[in-house]
Amino acid sequence: DEFYQQGVGSGFVLDKEGYIVTNNHVVEGAEEVRVTFHEGTVMRAEIVGRDPDGDLAVIRVDVSAEVLCPIELGDSDALEVGQRTIAIGNPFGFGGSFSAGFVSGLGRSLPLGRISSVVGGRFSIPEVIQTDAAINPGNSGGPLLDSRGCVIGVNMAYDAGVAGIGFAVPVNTVKRVVPRLIEDGHYAYAWLGITGTDLSLDIVEAMDLPVDRGALVIAITPDSPVERAGLRGSNETVEIMGRELKIGGDVIIAIDEQEVERFEDILVHILRHAKVGQEVELRIIRDGRERVVNVRLDERPRR
């Protein structure tokens, strides 16, 4: 027997051409997508493009421009902790629900697997907005607004079992990714090919480092740009207070002359400023000495 499964999500109208922004995990694997507008009109939509690694997607409805009400996009770089937030969506199928809260945190790095078992993936989404506005199943893909009604993010996740913690993709990421999804159907991420972690006091002391801020390279992906450039991953393990720590790898302290204070700084720099095929300069600490390594970026492997 055939088995059909339905799901619900949210989205917002981008323009008068019928493009609608939502989450990738809302439409991934869907054989049919239907959009219900606020006045009750139901229409079939086509999936235009998907970005699994950024959990964004664009769908399109073929409808008269008069029916569409695009929403203004704000500026997520201008956000501050404590600002008012408003989440609109379809939680548990209750359409048009409105919840309010505040920006609880900025610059979070959210592993894709934390969003949904459907999403999975080994990459993280950087610069994520944390809010205490109620975000529940069905809110995914809906807009997170500021007090002026401008989109500042796309609601994408909630921390199951923990009240008051929700997450949203920042709208400035949407501005970079969505045009490429409309044009090409996918987004090409530049890629180094490293797994890393922030420097901690324990790592600094264990490696006797001359710096206390930066990103330790834990592992190198085979046949990746950083492997070809000769970067080294961590090859030693030490136990500190019953916890094993990887040490011994290169420590990245700057990328293109921008200081690296934590591993996410590398991800953010590449997302914002780098393109596939571009060369970036990494300043690293190896064996206690500073050196410069140039790396030509590949496109991140797609899943």
Participant: Is the backbone of Arg262 close enough, under 3.5 Å, to the side chain of Asp198 for a donor and an acceptor to pair up by distance?
Facilitator: no
Participant: Please determine, by modelled atom types, if His269 and Asp256 share a side-chain donor-acceptor pair under 3.5 angstrom.
Facilitator: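 Their side chains do contain a donor-acceptor pair, which is all the 3.5 Å distance test asks for.
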Participant: Which one of Asp77, Asn172, Thr173 satisfies the side chain to side chain donor-acceptor pair (under 3.5 Å) criterion with Arg272?
Facilitator: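 Of Asp77, Asn172, Thr173, side chain to side chain donor-acceptor pair (under 3.5 Å) with Arg272 is met by Asp77 alone.
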Participant: Show your reasoning for whether side-chain contact (heavy atoms from CB on, under 4.5 Å) applies to Val128 and Val169.
Facilitator: CA-CA 5 Å; Val128 168; Val169 180; 5.8 Å; no
Participant: By the definition salt bridge (Lys or Arg N to Asp or Glu O under 4.0 Å), identify the one residue from Arg283, Arg232, Arg286 that meets it with Asp250.
Facilitator: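 Exactly one candidate clears the test, Arg286.
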Participant: Could you pull out all residues at least two apart from Glu299 that satisfy side chain to side chain donor-acceptor pair (under 3.5 Å)?
Facilitator: Arg302
Participant: So, Arg44 and Glu32, do they make that salt bridge, N to O below 4.0 Å?
Facilitator: yes
Participant: Does Glu259 pair with Arg213 as a salt bridge, N-O distance under 4.0 Å?
Facilitator: no
Participant: Do any N or O atoms from the side chain of Gln83 and from the backbone of Glu80 form a donor-acceptor pair under 3.5 angstrom?
Facilitator: yes
Participant: Show every side chain to side chain donor-acceptor pair (under 3.5 Å) that has at least one partner inside residues 97-107, sequence neighbours left out.
Facilitator: none
Participant: Let me see the working for Val35 and Ile59 under side-chain contact (heavy atoms from CB on, under 4.5 Å), right down to the final yes or no.
Facilitator: CA-CA 9 Å; Val35 173; Ile59 62 177; 3.7 Å; yes
Participant: Can you tell me if CD on Glu281 sees more than 12 non-hydrogen neighbours from other groups inside 6.0 Å?
Facilitator: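 Atom CD in Glu281 is packed in, count exceeds 12.
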Participant: Are the charged groups of Arg84 and Asp146 less than 4.0 angstrom apart, N to O?
Facilitator: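 Salt bridge: no.
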Participant: Quick check: are there more than 12 heavy atoms from other residues, nucleotides or ligands sitting under 6.0 Å from NZ of Lys275?
Facilitator: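 Counting neighbours around NZ of Lys275, 12 or fewer heavy atoms of other residues, nucleotides or ligands fall under 6.0 Å, so no.
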Participant: Which atom names give the shortest non-hydrogen contact between Val26 and Ser140, and what distance separates them?
Facilitator: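 Minimum heavy-atom contact is CG2-O, 3.5 Å.
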Participant: Does a sphere of radius 6.0 Å around CD in Glu257 hold more than 12 heavy atoms from other residues, nucleotides or ligands, not counting ones at 6.0 Å or beyond?
Facilitator: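 Atom CD in Glu257 is not packed in, count stays at 12 or less.
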Participant: Evaluate the salt bridge (Lys or Arg N to Asp or Glu O under 4.0 Å) criterion for residues Glu236 and Lys246: first the C-alpha distance (whole Å), next the side-chain angles of each, then the deciding distance (0.1 Å), finally the verdict.
Facilitator: CA-CA 6 Å; Glu236 301 175 49; Lys246 291 274 193 181; over 6 Å; no
Participant: Verify the distance criterion only: is there a donor paired with an acceptor across the side chains of Tyr189 and Asp51 at less than 3.5 Å?
Facilitator: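 Yes, side-chain donor-acceptor contact under 3.5 Å.
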Participant: Are Val58 and Leu14 packed together at the side-chain level, in the sense that at least one heavy-atom pair is separated by less than 4.5 angstrom?
Facilitator: no
Participant: Using a cut-off of 6.0 Å, state whether more than 12 heavy atoms not belonging to Asn235 lie near its atom CG.
Facilitator: yes
Participant: Ion pair present between Glu127 and Arg176, side-chain N to carboxylate O less than 4.0 angstrom?
Facilitator: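 Salt bridge: yes.
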Participant: My understanding is that only one of Ile129, Val151, Val171, Val103 makes a side-chain contact (heavy atoms from CB on, under 4.5 Å) with Leu144; could you say which?
Facilitator: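 Single side-chain contact (heavy atoms from CB on, under 4.5 Å) partner of Leu144 among Ile129, Val151, Val171, Val103: Ile129.
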Participant: Please check if the number of heavy atoms outside Arg60 that lie under 6.0 Å from its CZ is greater than 12.
Facilitator: yes
